[in-house]
Structure formats: structure tokens, C-alpha cells
Amino acid sequence: MNSVYSIGELESFIIAILVLFIGHGVNRKVPFLKKYNIPEPIVGGLIVAAVITILHFNKIGLQFSLSMQNTLMLMFFSSVGLAASYKLLMKGGAKVFLFLGVASLYIIIQNGVGVSLASALGLEPIMGLIAGSITLSGGHGTGAAWAQTFEQDYGIQTLEFAMAAATFGLVMGGIIGGPVAQRIISKNNLVSSYGIGGNHHTDHPDLVTYDQLEEDRVTAKSILEVLFIMLMCVAGAKWTSYFVAEYNLGWMKMPDFVYALFFGVVFANITEVSRGYKIKSESVDVLGTVSLALFLSMALMNLKLWEIFDLAIPLLIILMAQTVILGLFAYFVTFKVMGSNYDAAVISGGHCGFGMGATPTAVMNMGALVSRTGPSPQAFMVVPIVGAFFIDIVNAIILQGYLSFMG
């Protein structure tokens, strides 16, 4: 790399918004993208990432200053928590554990596919786990952590493969979720119980839709109030993370976004029970949708697509197979087990997101769907809770089982 140019904080933020506009513009002009609900941050982000990749191969590097990225992610997950009243939690509690079972079953299959194909292609079976749930259900962070373990315990260098596989999964998870769910919805003539189009908040004032096209009745005061609450959840998440690390409370250690979601749930239910203050759901909707869109555009701006080019052909074969198998599993299994209804279809699109990428990718897939096909509050509660609270624990247990079996 001959030249690296640092982009300032303000300019980087402007580019992050531009990514969303590019995605919106391209989606409007390309019927396929619009029909199958490919999320705008994925479309715009891949275009910008492609430009950055071309510059990379011409010895020019761009370094963005995106200090708000993590805060925006925490703001979004706090909005998910703020939308989860105890009434909704009671109503959808069984679905959470049902989806956890489905997701856990798929992790077993995912690793079985990875290990089997790795062995058939002449690779170390451990590489199959790297191209399995370690990076695809776990993401970049889990991939980096396990790569360190494999280097220390097995003497195998896997970090580059892990980062490339996680990047591949992030992209493909965002691409396949919309088409899979849209196919289910169209084939079965499914509709949201809240209807399509119109202003859902008129008939359902407590509904949070995460629909970018929804007309929300908000005021400057309500936005400021909810922004204050969300930022308190973000600060609480960061303080908790620091406290857990400082006092070495390993049993409490979870990703920051889990703490943010938890604080949101606590605040929402305290206000609902006490009735001293009513959280404005439409303001939560607006701020949550904006936070998610900006966070994802920033994440995709940082994609290093050239890492995918560095993948060995055998690993690329494994990852392509994983993509196809997840799409089929979501279509035939997730949809059926989760109830064969509209919510199940949206959950299936979300499963494609975090089965290949991460929880924010799952929510992005579902957000693109509900913008066209109608709200699904159950999906927005079930998928993030499983993705945030449970899946990392289940993933670790299953991986340990595979490693013990492999000797």
C-alpha cells in the first residue's frame, strides 16, 4: 500500500449517509433488488466497498473515522429493548425458545457440513469449523477469539481465513435473506396481521415497525426524550462492560449490545408497570431505524472485500455450500417450525442473516421485508433475543462438542 488517506469524522459520517442514498437509488432502478427486498445498506455498502477494493489494488487506501459506529449499534439494540414490553414478552416467550431450538439445530448441521467438506477437500477438519458456526453464526469477533485458541492449542494459523469467512458470511447473509423470505411470502400468499401500507401507528399506537417508509407522528420533545433514554441505555451498557472487565466477572461477560437491549427491556417495563411515563413508540421507531441503517452502512464501508479474494478455493466451496444449505433450511425448516405464517416467514429471512452473518444483519433483512410487506413485531422480538442472549452460548457448547469428538 503506497498511499493511505484518512477521512475525517464528519466526512466519514456524510459518506455513511451517502451509502444509504446510493442503496436506495439503485434499489429503485433495479427491479430484482426491489422485488426481493435486498437491504439498502447492503447494496450501497457493497458498491462503496467495491470502489475501495479497486483503490486498494491500485495502491490507494482509505481509512474512515467511524467512532459512532458502536454507539449507533447500541442505540439500535436499546430500541429493541424499549419495544419489548412484558405483555409482548409473555405473548412471544414460547416462540423465543422454539427459535432457539431451530437455530441450535442448524449450528450442528452447519458444523457438520463444514467439517465433512473440509475433510473431503483435504483440509484440516478444524478449518471446517472456521468455515462453519465459528465465523458464520459467530461473526468476526468469535472468529478472532477462536483463531487465537487454535494457534495456541493446535499450532494452526487461522486468523486470515476466519476474517475472510466472516466477511463472506456478512455479505451473503444480507443478500439471501430477502429473496428466501419473499419467496415464502409470495408462494403462500402471506400478509401481516397489521396490513400492508398506510399508517400502522394510527390503529396500533404501541407498535414499533422499523419501517423506513412509515409516517411517524413525532415531535422534537418526544425525540429528545427517547434519545435521552436510549443514550442512557448505551451508557449503562458501556459501564456494565467496564465493570465486568474490571472485576473479572466472567460469568456476566456478554457483548455490549446484550447489555443495551437488557437496559431497554428494564426501562420499558418499569415505565409500563409504574405508568408514570409512557415511552413514545413512534420516536423509538424513528431513532431505532435510523441507528440501524447508519450502523450497517458504517460496517459495510469497512468491509475488506479483497480478503474474500484471498480465500483458498476449497474454503470458498465450503462457504458457498453453507449459503445454499442455510437458504434451504430457512425455507423448509425454520418457516415450518416457527408456524408457517407471516411472522415465521420474516423470522426465516432473519435466520439467513445471523446464520451467515450477525444479529444486525438479521434485523436489516427483516427491516427491508417489513418496509414492503407489513409489520412483524414478533419477529423483531424473537430473532434479536435469540441472537443476542442465547446463540453465542449454544455455539460455544456445540463447538466444544465437535472438538472433543474430533480429538
Side-chain angles (χ1 to χ4, degrees), residues 20 23-24 27-28 33-43 76-77 79-84 88 91-92 95 99 173-217 281-296 330 334-335 338-354 357 359-387:
L20 298 175
H24 178 71
N27 273 16
R28 275 200 323 173
L33 299 175
K34 185 175 182 181
K35 179 181 178 181
Y36 289 104
N37 301 299
I38 307 299
E40 292 172 4
I42 283 282
V43 176
F76 165 70
F77 279 103
S79 78
V80 173
L82 290 171
L88 274 176
K91 187 177 178 181
K95 291 284 188 181
F99 184 54
I175 289 174
I176 67 170
V180 167
Q182 187 62 56
R183 171 67 179 160
I184 294 171
I185 290 168
S186 300
K187 182 182 177 183
N188 297 281
N189 297 315
L190 301 173
V191 293
S192 169
S193 58
Y194 296 93
I196 301 173
N199 192 334
H200 298 101
H201 292 134
T202 302
D203 299 321
H204 309 280
D206 294 329
L207 183 66
V208 175
T209 64
Y210 296 108
D211 180 353
Q212 293 186 38
L213 306 178
E214 183 81 46
E215 291 184 12
D216 296 299
R217 298 165 300 176
S281 60
E282 292 182 65
S283 297
V284 173
D285 210 340
V286 168
L287 289 169
T289 303
V290 170
S291 299
L292 176 64
L294 286 172
F295 160 68
L296 288 167
T334 306
F335 174 62
M338 294 309 298
S340 299
N341 55 17
Y342 176 74
D343 291 321
V346 178
I347 289 171
S348 298
H351 193 188
C352 290
F354 88 70
T359 304
T361 313
V363 177
M364 174 181 65
N365 286 348
M366 297 190 300
L369 279 164
V370 301
S371 291
R372 290 195 63 214
T373 55
S376 176
Q378 185 180 91
F380 275 89
M381 182 186 64
V382 169
V383 173
I385 285 177
V386 171

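Numbering starts at 1 and runs along the sequence shown.
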Item to complete: Of all the heavy-atom pairs spanning M366 and P384, show the shortest one and how long it is.
Response: CE-CD, 4.5 Å
Item to complete: Quick one: pull up CZ in R372 and CD1 in I185 and give me the separation to the nearest 0.5 Å.
Response: 9.5 Å
Worksheet item: With sequence neighbours left out, what residues match A181 under side chain to side chain contact (heavy atoms under 4.5 Å, CB included)?
Response: L369
Worksheet, complete the sentence: Heavy-atom nearest pair, G174 first then T361, reads N-CG2, 3.6 Å
Worksheet, complete the sentence: dist F335:CZ -> D343:CG (nearest 0.5 Å) comes out at 10.5 Å
Worksheet item: Heavy-atom distance under 4.5 Å between the side chains of F295 and V363, does that happen here?
Response: no
Worksheet item: At their closest point, which heavy atom of L20 faces which heavy atom of L294, and how far apart are they?
Response: CD1-CD2, 4.0 Å
Item to complete: Locate the shortest heavy-atom distance separating G350 from A362; write the atom from each residue and the value.
Response: O-CB, 3.0 Å
Item to complete: Output the distance between atom OG (S376) and atom CG (N341), rounded to the nearest 0.5 Å.
Response: 8.0 Å
Worksheet item: If you look at every heavy atom in K95 and M338, which pair is closest and at what distance?
Response: NZ-O, 2.7 Å
Worksheet, complete the sentence: Across all chains, not counting sequence neighbours, the side chain to side chain contact (heavy atoms under 4.5 Å, CB included) partners of A330 are V180, T334, S348, C352
Discussion item. Looking at every non-hydrogen atom in both residues, tell me the closest pair between A293 and P41 and how far apart they are.
Written reply: O-CG, 4.3 Å
Discussion item. I'd like to check V191 versus Y342 (side-chain heavy atoms, cut-off strictly below 4.5 Å). Are they in contact?
Written reply: no
Discussion item. Once rounded to the nearest 0.5 Å, what's the spacing between atom OG1 of T289 and atom CZ of F76?
Written reply: 8.0 Å
Discussion item. List the residues meeting side chain to side chain contact (heavy atoms under 4.5 Å, CB included) with S186, not counting sequence neighbours, and say none if there are none.
Written reply: Q182
Worksheet item: How about N365 and I176: do any of their side-chain heavy atoms sit closer than 4.5 Å?
Response: no
